[in-house]
4 protein chains.
Amino acid sequence: MRVGETANAAGAPAERGRLDKRRAIVEAALRVFARNGYAEASLDMIATEAGVAKPTIYNHLGSKENLFRYVMTTTATRSNAKALEVLEGFPKEAGGLRGGLEDVAARLVDCYCDERSEAVRRLLYAEALRFPDLYDAVRASGADQFIEALAGRLARLANAGHLSIADPVRAANQFIALVYEELPVRSTLGTRPLGPDEAGEVVRAGVDTFLRAFAASGGGDESAQPPAPAPAP
Amino acid sequence: MRVGETANAAGAPAERGRLDKRRAIVEAALRVFARNGYAEASLDMIATEAGVAKPTIYNHLGSKENLFRYVMTTTATRSNAKALEVLEGFPKEAGGLRGGLEDVAARLVDCYCDERSEAVRRLLYAEALRFPDLYDAVRASGADQFIEALAGRLARLANAGHLSIADPVRAANQFIALVYEELPVRSTLGTRPLGPDEAGEVVRAGVDTFLRAFAASGGGDESAQPPAPAPAP
Amino acid sequence: MRVGETANAAGAPAERGRLDKRRAIVEAALRVFARNGYAEASLDMIATEAGVAKPTIYNHLGSKENLFRYVMTTTATRSNAKALEVLEGFPKEAGGLRGGLEDVAARLVDCYCDERSEAVRRLLYAEALRFPDLYDAVRASGADQFIEALAGRLARLANAGHLSIADPVRAANQFIALVYEELPVRSTLGTRPLGPDEAGEVVRAGVDTFLRAFAASGGGDESAQPPAPAPAP
Amino acid sequence: MRVGETANAAGAPAERGRLDKRRAIVEAALRVFARNGYAEASLDMIATEAGVAKPTIYNHLGSKENLFRYVMTTTATRSNAKALEVLEGFPKEAGGLRGGLEDVAARLVDCYCDERSEAVRRLLYAEALRFPDLYDAVRASGADQFIEALAGRLARLANAGHLSIADPVRAANQFIALVYEELPVRSTLGTRPLGPDEAGEVVRAGVDTFLRAFAASGGGDESAQPPAPAPAP
DNA sequence: AATGAATGAGAATTCATTCAT
DNA sequence: TATGAATGAATTCTCATTCAT
């Protein structure tokens, strides 16, 4: 039994203990990698934090590199699932469009700013050269799917005449850029907590700009926000 | 006897060699850190690549950590200087506004995609937790200055009635987000070269969205781009 | 229901499987020890190669050290039995003496060059210090018995006047030295296959020298070989 | 400066200390390898026994494997030099032939039974599979040279009519086999000291058999030894 | 100022062995 | 009886750093 396996549904009690250990290892590993980066995370730390002996990690995951890959893809997949759930609340009509977008954006940003997501993002950057394939794998199982789904939602709104969008994929990318990209800077790459509603402000401003750009021209945007007062930098 | 950089006739040869070594060390260090990350960059590699003995690095820079800080801030400062130069070409009138913005954005993106900048960005992410102060230092001496300057330029255009911007700092951030943020993904965090004009497309689309959102409402945008046909993703 | 080869009605099936496992373990162990030496042979390898679980080895043989001892003495005993069989063809008269000795020597050398014998010899050398008693045990159950038997045969020939031998044990040792000792060198200690008839040449030359030295002085050696032309080294 | 180097004649004082350390490492390594075999010799032991820190071994010799190779070839080369010296006393005339051969053989056997030689022999056997090339290298720089030299001496005696030898290389091999090969068995592969004159007896008996076989036929062997009384096995 | 040499501390990984089932 | 899982101990090797020159 090795890495890729999924638990057999009705596990024997022994199997149960085994899976507990495995889970403990993976969770500890994410924490330790997040705190220290790949190179400076030692298996000693991970073993201690997981409450298992070092060789147990090797029994389960094979090697440090493999453990890292597993932790990263697993975590990214979980994050992605949450992000996709967010899309279910995507507005489908013009009525409440702004509010709907803000809501979706806020919850999306929440996913992105989750401690684990931030950790994965930092680690991907950090190890982009050591694990070039990993970035692609994580994107494929994560952000790319999300972009596609978001593009589909935007296209529907455009088809219905509520938005004016030529290239939905690009618009999706721009949407995310507008509502999120200022935040890593403000949180020092997810290292420092954001102030209350700091994310909210960025989200509202981002959605505002997005709607200014893409709201269907004749479009009665019911609640065109008045120019907000400049927040402190 | 230490002499400044102004026409010192005599006495420099020894001092000259010393500075050469220091420069060689710093340059080698950037390359090695960029390739391997902080933890896996060994002073042996750096010393070899710089053509000096290991203790010489200590003589000049004190410690690995200090060398890293020095390399990062120095490089970031240099990058920033280039970015600020770009702003000098910023358009000041409505005529040629789109072209001017595209030009500025293109050159800015060029700076951001420079090998050294990408390396610094990756390293900042990677070591955000180990060197939390470093991120702030680099931002302060780099991107923050640039944002402020860009915000100033935008504000001038707004004052002149060419753009409609309530919060120039936020608009500056959004400008950068729109014209740049898609690129790291496409280049695998600066690890893979971009296709020809891949950056150009992103830049044009970003400026287009920016102008849709912020062009002064009555504003005769001389060349309002028609909705582009959707490019292949 | 599995039945043994003697008509034991009841009780054997489980026992049968057990013995099979034991045999599999011992055989796998010999191969693995031979390939890797004692220290670098892991019980994992042995278990895998034997097709059993690691603890099963402990159930059967107790410990790595004990397994090693058992494998070595067992194998040596088997080798010895074969060598003793060879002696049954030992010539008993002057007629065909040379041919008979060559024949015996050839078959003896064959035993010595058997893969398993070579392995045991290498392992004995390798572990002479770690298992000093093992060497004696293996000698006692192996080569020493053979020397004694060979000495007996030579003594009989001497008594019958066909050979002139003062100390039969020493002569036996010298016989073996003459017909065998060049071979380990040529086969890199049993690690490389010998060329065709490489062993044959050494054997013939050895027997020739032996007969020159020990043929009964008046002795009509029926086929005193003329000095052979020097073979290529 | 690396492995193969020989000391520069007039070493600076610093260089002197360096060479001392290197020598200490190599000598300690031979002892530890001899006691424990390759696999069970740890660099910790070697470092401790040499009185240096572990990394110093790596600085000097690069890796455990390389250290082993170096120790083996170095030691073998030294042994060989001694063996070749022995040949200088080789008898050149019929007069005193037996005594001369016995003398040479005794001193040769002394070389072979030297603690270091025995250790190298054991290690070669032990690691024949792990380091197949090493055996050849050691033979080439050691025993093979000696065999050739001995063959030359025997050929001279044959040319002069004092011996009757068809194939001198083979005769050289047989000479060594006769005077030496019984000894490893008696000393448990060099692991146990030989009794007083145990080697002497084997040597005399070996030379006796050799001369019986190869003394020039008409040859007045001045002191044809009477058949010795059989010694106790 | 620059360097060759040396080292203490710590890294990943493997192994013989033992439980609990 | 046979086994999957777990582990303490030990291995090779690397690294940042310091001396003596």
Side-chain angles (χ1 to χ4, degrees), chain A residues 1 12-15 17-22 25 39-47 51-60 62-67, chain B residues 14-15 17-19 21-22 25 39-47 51-60 62-67, chain C residues 14-15 17-18 21-22 25 39-47 51-60 62-67, chain D residues 1 12-15 17-22 25 39-47 51-67:
Chain A
M1 257 193 306
E15 194 60 15
R18 174 145 229 264
L19 285 180
D20 284 353
K21 291 226 151 135
R22 188 194 183 89
I25 290 169
E40 299 238 308
S42 85
L43 289 192
D44 266 312
M45 300 180 210
I46 296 174
V52 303
K54 222 187 325 179
T56 303
I57 300 180
Y58 284 87
N59 288 343
H60 280 267
S63 74
K64 187 185 182 184
E65 180 174 329
N66 202 59
L67 171 59
Chain B
E15 195 59 16
R18 179 150 220 272
L19 284 179
K21 292 225 151 141
R22 188 192 183 89
I25 291 170
E40 299 235 310
S42 83
L43 288 192
D44 266 311
M45 297 181 214
I46 296 174
V52 304
K54 230 187 319 179
T56 304
I57 300 180
Y58 284 86
N59 289 342
H60 279 271
S63 75
K64 187 185 183 184
E65 183 176 326
N66 203 59
L67 170 60
Chain C
E15 196 57 16
R18 177 151 224 274
K21 292 225 151 142
R22 187 191 182 90
I25 290 170
E40 298 237 310
S42 83
L43 289 191
D44 266 310
M45 298 180 214
I46 296 174
V52 303
K54 231 188 317 181
T56 304
I57 300 179
Y58 284 85
N59 289 342
H60 280 270
S63 75
K64 187 184 184 185
E65 182 175 326
N66 203 58
L67 171 60
Chain D
M1 256 192 310
E15 195 60 13
R18 172 145 229 263
L19 285 178
D20 285 353
K21 290 226 151 136
R22 187 192 184 91
I25 291 170
E40 300 238 308
S42 84
L43 289 193
D44 267 312
M45 299 181 211
I46 296 174
V52 302
K54 224 187 321 177
T56 303
I57 301 180
Y58 285 87
N59 287 344
H60 279 268
L61 277 314
S63 75
K64 186 184 183 184
E65 181 174 329
N66 202 59
L67 170 60

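When reading the values below, keep in mind they use all heavy atoms of this one structure, side chains included, and skip hydrogens, waters and symmetry mates. In what follows, chains carry the letters A, B, and so on, assigned in the order in which the sequence lines appear, proteins first and then strands, with residues in each chain numbered from 1. Computed from a prediction, not measured in an experiment: that's the story for all the values here.
Taking atom CG on B:D44 and atom P on E:dT3, their separation rounds to 14 Å, with Å as the unit. The distance between atom CG of D:L61 and atom P of E:dA6, rounded to the nearest whole Å, is 12 Å. When rounded to the nearest whole Å, the span between CG of A:L43 and P of F:dT7 equals 14 Å. In this structure, the NE2 atom of A:H60 is 16 Å from the P atom of E:dT13, given to the nearest Å. The distance from atom OH of D:Y58 to atom P of E:dG8 is 16 Å, rounded to the nearest whole Å. The distance between atom CD of D:E40 and atom P of E:dC15, rounded to the nearest whole Å, is 12 Å. Across the protein-nucleic acid pair, C:N66 atom CG and E:dA16 atom C1' stand 14 Å apart, rounded to whole Å. Between the CZ atom of A:R22 and the P atom of F:dA6 there is a distance of 11 Å, given to the nearest Å.
For the atom pair CD1 (D:I25) and CG (D:L43), the distance works out to 10.0 Å, reported to the nearest 0.5 Å. Rounding to the nearest 0.5 Å gives a distance of 11.5 Å between CG of B:L67 and NE2 of B:H60.
At the heavy-atom level, D:S42 lies under 4.0 Å from the strands shown only through sugar-phosphate atoms. Backbone-only engagement by A:A41 is indicated by non-hydrogen atom pairs under 4.0 Å involving sugar-phosphate atoms exclusively.
Heavy-atom nearest nucleotides on DNA chain F were determined for C:K54 and for B:K54, and the one closer to the 5' end corresponds to C:K54. Of the two residues contacting DNA chain E, namely C:K64 and B:N59, the nearest-nucleotide position lying further toward the 5' end is that of B:N59. Along DNA chain F, the nucleotide nearest to B:G62 and the one nearest to C:A53 differ in position, and the one closer to the 5' end is contacted by C:A53.
D:D44 pairs by the side chain to side chain contact (heavy atoms under 4.5 Å, CB included) definition with D:S42, D:K54, not counting sequence neighbours. Here C:N66 pairs with nothing under the side chain to side chain donor-acceptor pair (under 3.5 Å) rule; sequence neighbours left out. Not counting sequence neighbours, D:K64 has no partner by the side chain to side chain donor-acceptor pair (under 3.5 Å) test.
The side chain of B:T56 approaches E:dT3 more closely than any other nucleotide in the set F:dG8, E:dT17, E:dT3. The side chain of D:K21 approaches E:dT7 more closely than any other nucleotide in the set F:dT7, E:dT13, E:dT7.
Taking the C1' atoms of five terminal pairs at each end of the helix from E:dA2-F:dT21 to E:dT21-F:dA2, the two resulting helix axes are inclined by 20°, rounded to 10°.
For the residue pair A:A53 and A:A47, the shortest heavy atom distance occurs at C-CB, 4.2 Å.
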